[in-house]
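Written below as structure tokens is the structure these notes are about.
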Number of protein chains: 2
Amino acid sequence: MNKRQLQKQKTREHILKIAKQEFVEKGFLNTTTNQIALQAGIAHGTLFLHFKNKDNLIVEILDKELELMSSGIQDLVGRSADLEQMLILYLNLLEEDEKLFSVLARELPFYPEELRRKIMFRDSLIRSHFHNVIESGIGAGKYRKLDPSTAVTFLFGTINYYLSLRSIFVENGSVIAKFRSKIISTFKALLICEKEK
Amino acid sequence: MNKRQLQKQKTREHILKIAKQEFVEKGFLNTTTNQIALQAGIAHGTLFLHFKNKDNLIVEILDKELELMSSGIQDLVGRSADLEQMLILYLNLLEEDEKLFSVLARELPFYPEELRRKIMFRDSLIRSHFHNVIESGIGAGKYRKLDPSTAVTFLFGTINYYLSLRSIFVENGSVIAKFRSKIISTFKALLICEKEK
DNA sequence: AGATTTAATGAGCAATCAGTCACCGAGTTT
DNA sequence: AAACTCGGTGACTGATTGCTCATTAAATCT
């Protein structure tokens with residue numbers, strides 16, 4: 001690869017890095033291509049030399065991120081079919097990139113169709129893992145007889161809620177960290193009837 | 001009141017009516033002042049004769065709506081301290097204006113500070129009613145020993161999730177109607193350990 | 001009836017953005 | 001070293017939008 005191609009690739013990666021930073025901080029909708037160019041120290045036009053448009057830039061960044069998330073989940077499911085372990089690991093993955101997932105939770109309904117579908121598809125894969133484990137757990141008499149779909153929606157809905165209103169729940173730091181044990185114990189309470197004294 | 005004042009008031013109310021229609025249909029963020037004026041059959045400038053700016057218009061519409069909601073809830077709590085009754089009535093109120101509440105669930109994080117605070121304040125009043133009933137229910141041994149705050153967040157988070165992704169859950173009709181019995185039964189399952197055979 | 005007030009008008013302003021294009025100059029090829 | 005290639009530039013464009021203001025005409029007042 002010659003000097004030119006090398007420089008081109010370097011610039012491209014630099015844009016991706018800076019764009020992700022800006023997106024995570026201000027959200028996708030409130031980040032302008034101008035800001036990105038400014039922060040990256042390149043001309044505004046250069047951005048469109050590397051990415052057809054703003055949407056494509058977003059898609060590429062999120063695709064990469066969601067891929068990471070998906071493979072993390074895949075690993076997780078491969079390693080263990082224990083629901084609590086799965087939930088803990090899922091929350092870990094969210095916490096690692098919490099700011100990004102917070103932006104996603106808030107802005108998802110406003111993204112272009114294609115991107116929204118991609119994100120929701122990934123999400124549905126993860127949900128289905130939980131769904132399956134719960135369903136078979138109910139079949140095995142391990143969990144109470146309740147509707148697994150609704151149970152999953154309770155879990156994901158609640159997590160989504162915490163994420164999307166993150167700035168209200170915590171000033172700095174992590175919502176997931178703050179509420180993880182409550183989320184886990186309450187979700188367990190939904191699935192299992194412990195004997196209480 | 002003379003002819004002029006009467007006409008003025010009529011125009012003002014007409015704007016409010018049309019604006020609400022547009023807002024409910026397309027969301028506050030995606031409705032332009034131009035669209036409203038066009039639909040209302042008035043000049044664009046007229047809108048700003050009656051409302052200082054777009055935000056004020058939104059605030060006025062929502063204030064009225066939230067007032068209705070709040071008094072509905074107040075009634076509800078006055079009439080009954082039974083959690084299931086409260087939940088049913090709450091879901092009724094949401095279902096009545098579901099499109100509006102769906103917009104609210106999606107767009108809340110993007111509203112101007114002042115409006116966001118107002119909405120969240122109303123919301124917190126409603127939540128606290130549920131919180132209190134759950135807390136005293138736990139004290140009375142009626143419900144399981146779990147964290148009432150988290151339980152309430154599970155409920156409101158889930159409802160919020162259904163509302164904000166409404167268009168995915170139903171094509172036409174009501175998400176609340178579709179999932180109300182599942183929401184109620186799953187939430188009851190969280191609070192109460194039924195004996196199962 | 002003439003003077004005054006004011007609701008309504010709509011052309012136009014200013015700001016914001018995504019995206020374009022003619023041009024430049026360093027790097028590559030001949 | 002001359003010709004050519006191409007990554008990078010940044011001024012510019014066009015679309016969108018919230019909002020203003022000089023002007024109009026109908027209602028009200030004197």
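Sequence lines set the chain letters: A, B, ... in the order given, protein chains first and strands last, and positions in each chain run from 1. Atoms considered below: every heavy atom in the structure, side chains included; atoms not considered: hydrogens, waters and symmetry mates.
If you check D:dG7, C:dC17, C:dT9 against the side chain of B:Ile42, the one that comes closest is C:dT9. Taking the side chain of A:Thr33 as heavy atoms from C-beta on, and the options C:dA18, D:dT28, C:dT9, the nearest nucleotide is C:dA18.
The base of C:dG27 sits with one of its N or O atoms less than 3.5 Å from a complementary donor or acceptor on the side chain of A:Arg4. The base of D:dG18 is not paired with the side chain of B:His44 by any donor and acceptor separated by under 3.5 Å.
Donor-acceptor pairing under 3.5 Å is lacking for the side chains of A:Glu22 and A:Thr31. Using a 3.5 Å distance cut-off with no hydrogens or angles, the side chains of A:Arg127 and A:Ser149 do not pair a donor with an acceptor.
Rounded to whole angstrom, the span from the NE2 atom of B:His50 across to the P atom of D:dT20 amounts to 15 Å. At whole-Å resolution of the value, CZ in A:Phe48 and P in D:dC12 are 18 Å apart.
Classified by interplanar angle (parallel below 30°, tilted 30° to 60°, perpendicular above 60°), the ring pair A:Phe28/A:Phe23 is tilted. Ring orientation note: the planes of B:Phe156 and B:Tyr90 are tilted relative to one another, at an angle of 30° to 60°.
Residue B:Thr46 is classed as a base contact, given a heavy-atom separation below 4.0 Å to a base. Among the heavy atoms of the strands, none lies under 4.0 Å from B:Leu47.
Comparing B:Gly45 and B:Lys8 by the nucleotide of DNA chain C whose heavy atom lies nearest to each, the residue mapping closer to the 5' end is B:Lys8. Each of B:Lys54 and B:Lys3 was assigned the nucleotide of DNA chain D with the nearest heavy atom; the assignment lying further toward the 5' end belongs to B:Lys54.
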